[in-house]
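Lettering of chains follows the sequences in order, A, B, ..., and the numbering in each one begins at 1. Keep in mind that this is a model prediction, so the values were computed, not measured. The figures here come from the full heavy-atom set of this structure, side chains too, leaving out hydrogens, waters and symmetry mates.
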Number of protein chains: 2
Amino acid sequence: MEKPSAASAHAFTAEERAAVYHAIFSRRDVRGQFLPDPIDDDLLARVLMAAHHAPSVGFMQPWNFLLVRSPAVKQRVHDAFAQANAEAALMFPDEKRELYSQMKLQGILDAPLNLCITCDRSRSGPVVLGRTHIPTMDLYSTVCAVQNLWLAARAEGLGVGWVSIFHETALQDALGIPHEIVPVAYLCLGHVSHFNEKPELEKAGWLPRLPVADLVFHDQWGQSDSVGNEALTAKLAALQADIQERGIFPA
Amino acid sequence: MEKPSAASAHAFTAEERAAVYHAIFSRRDVRGQFLPDPIDDDLLARVLMAAHHAPSVGFMQPWNFLLVRSPAVKQRVHDAFAQANAEAALMFPDEKRELYSQMKLQGILDAPLNLCITCDRSRSGPVVLGRTHIPTMDLYSTVCAVQNLWLAARAEGLGVGWVSIFHETALQDALGIPHEIVPVAYLCLGHVSHFNEKPELEKAGWLPRLPVADLVFHDQWGQSDSVGNEALTAKLAALQADIQERGIFPA
C-alpha cells in the first residue's frame with residue numbers, strides 16, 4: 001500500500017490518498033436520510049473496531065459502545081431530546097428561532113441503530129500518562145473514536161448523525177449510564193438515501209463556511225502575514241475554491 | 001468512487017475502503033521518528049483543509065491553526081513541556097515512574113513543524129445550535145479537526161504526535177494565545193523514518209489493548225449478553241485477532 005516518493009516513503013498511492021480525502025470531505029452529519037435497512041454485523045464490527053483504534057491518552061481506551069436498537073429505549077432518548085430542544089429554541093434570538101424550529105436535528109427514531117460512545121474517566125486509575133495536566137484529554141480521546149467511526153462509516157456508505165441536544169443526566173438515565181460515566185456522543189446510524197453535497201446548516205444559510213486561510217497563524221497567535229507564507233495562503237484559498245465551488249476534493 | 005451493492009449504494013469500492021481503514025489502523029502517535037525534511041506547502045494545505053472539514057457543532061468552526069516553525073518559539077514550548085513532565089513523573093507510583101521517565105513523549109524540537117489547534121468558544125456568538133445543553137461540544141468539534149488532520153497526514157506519509165503534558169497557561173503564554181482561547185491540541189508534524197507497527201505504550205507494556213467485545217453494551221449500560229448479539233461479539237473478537245496478531249486490517 002506504500003508508494004516511495006521524494007516527499008515521503010510512507011505516503012499512500014494517489015488513489016488511496018484520494019479515498020481517504022473522499023471520506024473526509026464527503027462525510028456528513030445525517031439527520032433526515034436514513035433508510036430502515038438493517039446494518040450488517042460485519043460492517044458494524046469494522047466501524048466499531050475503527051473507533052477502538054483511535055488514539056487515546058496514556059493508551060487508556062476510556063470508551064464504551066452502547067448500541068441501542070430497542071424502540072422503547074430510543075423513545076426515551078427521543079423524549080429527552082424533545083424536552084431539551086424545546087428549551088433550546090427559546091434561547092435563540094427571534095430572527096433565528098423560526099429557522100431553528102424548522103430544522104430536523106436528529107434521526108433517533110428513523111435510524112435503525114443508535115450508538116452512545118461514553119468515556120470512563122477512571123478506566124486506568126487516577127494518574128494517566130498525558131492527562132496529568134490537561135484533565136479533559138480522556139474526553140478528547142473519546143471524540144477521536146467518534147471521528148474514526150464516522151469516517152469508516154462514510155467509506156461503508158453508512159450515515160452518522162451526532163445528537164447533542166440533551167441534558168446529560170436525562171440521557172444517562174434513559175440508557176442506565178452511571179452519572180460518573182460521560183456520554184460523549186449520541187449517534188444515529190443507518191444506510192441512507194443520499195449524502196448531502198454540503199452540510200445542512202451551510203445549505204440552510206445558518207452560517208457560512210469560513211475561509212480557512214483566515215484561520216491560520218504563524219509562530220504567534222494573530223500573526224497571519226508572516227513573510228514567506230504567501231504560497232501556503234494562496235494554496236489554501238485555491239483548495240477551498242475547488243472544494244466549495246467545483247466539488248473537487250484533493251488527492 | 002461509489003460502488004452500488006446490496007448493503008449500501010453509497011459504499012466506497014473495496015480498494016477505497018481498504019485505504020481508509022489503512023489510515024485508521026496504521027496511524028500512530030509519533031514522538032521519535034521525525035526526519036528534518038521540510039513539509040511541502042501543497043501537502044500542508046491538504047491536511048489543514050481536512051481539519052477544516054471536520055464536523056462542528058452549529059457549523060461554528062471554532063478552530064484556528066497556529067503553525068510553529070520558529071526555533072525560539074519551539075524552545076519556549078519545550079521548556080513548558082519539560083517543567084510539566086518533571087511534575088508528572090512524580091505523580092506515578094514507584095513501579096511506573098522509571099518506565100515513565102525513560103519514554104520519549106514528544107518531538108517538539110525534532111519535528112520541522114509544530115501545530116497548535118485551538119478552540120475559540122465565542123466564535124459564533126453566545127448561543128450555538130447543538131451546544132445549548134452540552135457546553136463542551138465546541139471543544140469536541142475541535143478534536144474532530146485534529147483527528148481528520150491526523151488521518152490525512154497518515155495517508156500523506158506524515159507523522160503526527162499529540163503533546164498534552166503542559167500547564168495550559170504556560171502553553172498559551174509561549175504562543176501568545178489569549179487565555180479565553182483553548183489550546184486543544186499541540187501537535188508535532190514531520191516526515192518519518194518509519195511508522196511503528198503498534199502504539200509505543202502498548203509495545204512498552206504500559207497498558208494492553210483492551211478486547212473491544214468487552215466494551216460493547218446493548219440497549220442499557222452494562223448489558224453485554226443480550227440474546228442475538230453473539231454473532232457481533234464473535235466478529236469483533238475475530239477482527240481484533242486479525243489486526244493484533246496477524247497485522248491484517250479490514251477492507
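Proximity to chain A (any heavy atom under 4.5 Å) is shown, for B:Gln240, by both the backbone and the side chain. Neither the backbone nor the side chain of A:Ala89 comes within less than 4.5 Å of any heavy atom of chain B. Using a 4.5 Å cut-off between heavy atoms, B:Val73 contacts chain A through its side chain alone, with no backbone atom that close. With a 4.5 Å cut-off on non-hydrogen atoms, B:Pro126 does not touch chain A at all. Neither the backbone nor the side chain of B:Ile39 comes within contact range of chain A, judged by heavy atoms closer than 4.5 Å. For B:Val128, the part lying under 4.5 angstrom from a heavy atom of chain A is the backbone only. For B:Ile243, the part sitting under 4.5 Å from any heavy atom of chain A is the side chain, from C-beta outward, and nothing else. Proximity to chain A involves both the backbone and the side chain of B:Tyr140, based on heavy atoms less than 4.5 angstrom apart. Of the atoms belonging to B:Trp63, heavy atoms from both backbone and side chain fall under 4.5 Å from chain A. The contact between B:Pro55 and chain A is made by backbone and side chain atoms together, counting heavy-atom distances below 4.5 Å. Proximity to chain B involves both the backbone and the side chain of A:Arg209, based on heavy atoms less than 4.5 angstrom apart. Looking at B:Tyr100, only its side chain comes within 4.5 Å of chain A, counting heavy atoms on both sides. Of the two parts of B:Gln61, the backbone and the side chain both hold a non-hydrogen atom closer than 4.5 Å to a non-hydrogen atom of chain A. With a 4.5 angstrom heavy-atom cutoff, A:Leu35 does not touch chain B via any of its atoms. The part of B:Ser193 that comes within reach of chain A is its backbone (N, CA, C, O), which places non-hydrogen atoms under 4.5 angstrom from that chain. If you measure heavy-atom distances from A:Met49 to chain B, the contacts under 4.5 Å come from both the backbone and the side chain. Neither the backbone nor the side chain of B:Ala72 comes within less than 4.5 Å of any heavy atom in chain A. Contacts of B:Ile177 with chain A are made by both backbone and side-chain atoms, with heavy-atom separations under 4.5 Å. Both the backbone and the side chain of A:Asp42 come within less than 4.5 Å of a heavy atom of chain B. Only the side chain of A:Leu105 comes within contact range of chain B, judged by heavy atoms closer than 4.5 Å.
No other option in A:Gln172, A:Lys74, A:Met91 has as many heavy-atom pairs under 4.5 Å with chain B as A:Met91. Among B:Trp150, B:Phe166, B:Phe59, the residue with the largest count of heavy-atom pairs under 4.5 Å with chain A is B:Phe59. Interface check for chain B: of the options A:Ile134, A:Val212, A:Asp214, the most heavy-atom pairs under 4.5 Å are formed by A:Val212. Interface summary for chain A: among B:Val68, B:Leu129, B:Thr132, the most heavy-atom pairs under 4.5 angstrom belong to B:Leu129. Between chain A and the residues B:Arg131, B:Glu202, B:Lys96, B:Met60, the most heavy-atom pairs under 4.5 angstrom are made by B:Glu202. Among B:Pro208, B:Gly222, B:Ala185, the residue with the largest count of heavy-atom pairs under 4.5 Å with chain A is B:Pro208. When the candidates A:His167, A:Glu168, A:Arg27 are compared by the number of heavy-atom contacts under 4.5 Å with chain B, A:Arg27 comes out ahead. When A:Pro250, A:Ala88, A:Cys144 are compared by the number of non-hydrogen pairs under 4.5 Å with chain B, A:Cys144 comes out ahead. The residue among A:Pro199, A:Ser124, A:Pro178 with the most heavy atom pairs within less than 4.5 Å of chain B is A:Pro178. Note on A:Thr142, A:Leu210, A:Val127: by heavy-atom pairs under 4.5 Å with chain B, the leading option is A:Leu210.
Residues B:Pro38 and B:His191 share a closest heavy-atom pair of O-CD2, 3.7 Å. The shortest heavy-atom contact between A:Met103 and A:Leu201 is SD-CD2, 3.4 Å. Pairing each heavy atom of B:Ile165 with each of A:His133, the nearest pair is CG2-ND1, 4.1 Å. For the residue pair B:Gln106 and B:Val163, the shortest heavy atom distance occurs at CB-CG2, 3.6 Å. Between A:Gly58 and B:Leu207, the closest heavy-atom pair is O-CD1, 3.3 Å. The minimum heavy-atom distance between A:Ser26 and A:Arg154, with the atom names listed, is OG-NE, 3.0 Å.
For B:Asn64 (side chain) and A:Leu215 (main-chain N/O), a donor-acceptor pair under 3.5 Å exists by modelled atom type. Using a distance-only test at 3.5 Å, with no hydrogens or angles considered, no donor-acceptor pair links the side chain of B:Thr136 to the main chain of B:Leu139. A side-chain donor-acceptor contact under 3.5 Å links A:Gln220 to the backbone of B:Ala174. At distances below 3.5 Å, not a single donor-acceptor pair connects side-chain atoms of A:Asp29 with backbone N or O atoms of A:Gly161. Without hydrogens or angle criteria, A:Glu87 side chain to A:Asn85 main chain gives no donor-acceptor distance under 3.5 Å. A donor-acceptor pair under 3.5 Å links the side-chain atoms of B:Asp219 to the main chain of A:Ser70, judged by distance alone.
Between the CZ atom of A:Arg69 and the CG atom of A:Leu115 there is a distance of 10.0 Å, given to the nearest 0.5 Å. Note that the NE2 atom of A:His53 and the CG atom of A:Leu149 stand 13.0 Å from one another [nearest 0.5 Å].
Note on ring orientation: taking the six-membered ring where Trp is involved, the planes of A:Phe25 and A:Phe249 are parallel (angle under 30°, cut-offs 30° and 60°).
In this structure, B:Val184 and B:Ile117 have side chains that are not in contact, with every pair of non-hydrogen atoms separated by 4.5 Å or more.
Counting only N and O atoms by type, the side chains of B:Asn229 and B:His218 include a donor and acceptor under 3.5 Å apart.
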